[in-house]
Amino acid sequence: MEKPGNYIKRAKDLEVYKRAYAVSLDVHKATLAFPKMEQYALADQLRRSSKGICANLAEGFAKQTHSRPEFARFISMAMGSCSEVETWISYAFDLGYISQAQHDDWLQAYAHIYGMLINLREKLK
């Protein structure tokens, strides 16, 4: 997690945000190669749910000055997006759009991100 004494000014300074952002870029790039018929379906769902993690962290972080429970709520929504993206990754693999290696790498990355989100939410209690 974040090092003690380091002041986090924006959501993008959070390690979990940085990791989620990096993976979402990889997801975005990979889904551009999906078949045309999937660009507004599976590919779009994958892109949106992967980006939703960072979006929820950013919005919740900005609101924490008024309400820590509100930030915790947005972290929970980011966790939901994380679970959602894992589902779409499985569909993409089962339909043959991503390799086994890509599937495994993404699922491992999102499992780690999910754990980081749990830890962050616990710190707010």
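Heavy atoms only: backbone and side chains are in, while hydrogens, waters and symmetry mates are out.
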*Any chance you could measure L42, atom CG, to M37, atom CE, to the nearest 0.5 Å?*
9.5 Å
*Where do Q100 and D104 land on the side-chain hydrogen bond (donor to acceptor under 3.5 Å, both in side chains) test, with the steps shown first?*
CA-CA 6 Å; Q100 180 75 54; D104 295 347; 2.9 Å; yes
*Taking salt bridge (Lys or Arg N to Asp or Glu O under 4.0 Å) as the test, write out the residues that go with D44, two or more places apart.*
R48
_Please enumerate all residues that pass salt bridge (Lys or Arg N to Asp or Glu O under 4.0 Å) together with K63, with sequence neighbours excluded._
E59
*Can you find a heavy atom in the side chain of L95 that is under 4.5 Å from one in the side chain of F34?*
no
*Go through the structure and list residues passing salt bridge (Lys or Arg N to Asp or Glu O under 4.0 Å) with R73, not counting sequence neighbours.*
E70
*What distance do E122 atom CD and I118 atom CD1 have between them, rounded to the nearest 0.5 Å?*
8.0 Å
*Going from CD on Q64 to CD1 on I75, what distance comes out if it is rounded to the nearest 0.5 angstrom?*
8.0 Å
*Hydrophobic cluster identity match, L107 and V16, side-chain contacts under 4.5 Å*: yes
*With distance as the sole test, does S50 use its side chain to make a donor-acceptor pair with the main-chain N or O of R47 at under 3.5 Å?*
yes
Considering only distance and modelled atom types, tabulate donor-acceptor pairs under 3.5 Å from the side chains of residues 76-84, sequence neighbours left out.
from: S76; atom 1: OG; to: A72; atom 2: O; distance (Å): 3.3
from: S76; atom 1: OG; to: R121; atom 2: NH1; distance (Å): 3.0
from: S81; atom 1: OG; to: M77; atom 2: O; distance (Å): 3.4
from: S83; atom 1: OG; to: M79; atom 2: O; distance (Å): 3.4
from: E84; atom 1: OE2; to: W88; atom 2: NE1; distance (Å): 3.0

_I89-V23 co-clustered via ILVMFWY side chain contacts under 4.5 Å_ = yes
*When rounded to the nearest 0.5 angstrom, what is the spacing between NZ in K51 and CG in L46?*
11.0 Å
*Atom CG of L57 and atom CE of M116: how far apart are they, to the nearest 0.5 Å?*
10.0 Å
_With a 3.5 Å distance limit and no angle check, can you tell me whether D13 reaches the backbone of R10 through a side-chain donor-acceptor pair?_
yes
*asked:* So Y21 and K12, do their side chains get closer than 4.5 Å, heavy atoms only?
replied: no
_Looking at Q39, I want to see if its CD is surrounded by more than 12 non-hydrogen atoms of other residues, nucleotides or ligands under 6.0 Å._
yes
*asked:* Restricting to salt bridge (Lys or Arg N to Asp or Glu O under 4.0 Å), what partner residues turn up for K29, sequence neighbours left out?
replied: none
_Separation between CD1 of I113 and CG of L120, rounded to the nearest 0.5 Å_ = 13.0 Å
*Taking all heavy atoms of Y17 and all of A11, pick out the closest pair and write down the distance.*
CB-O, 3.2 Å
*Write out all pairs satisfying ring pair (Phe, Tyr, Trp, His ring centres under 6.0 Å) with one or both partners inside residues 98-125, taking only residues at least two apart or from two chains.*
F93-H103
*Any idea how F61 and F71 line up, ring-wise: parallel (<30°), tilted (30 to 60°), or perpendicular (>60°)?*
perpendicular
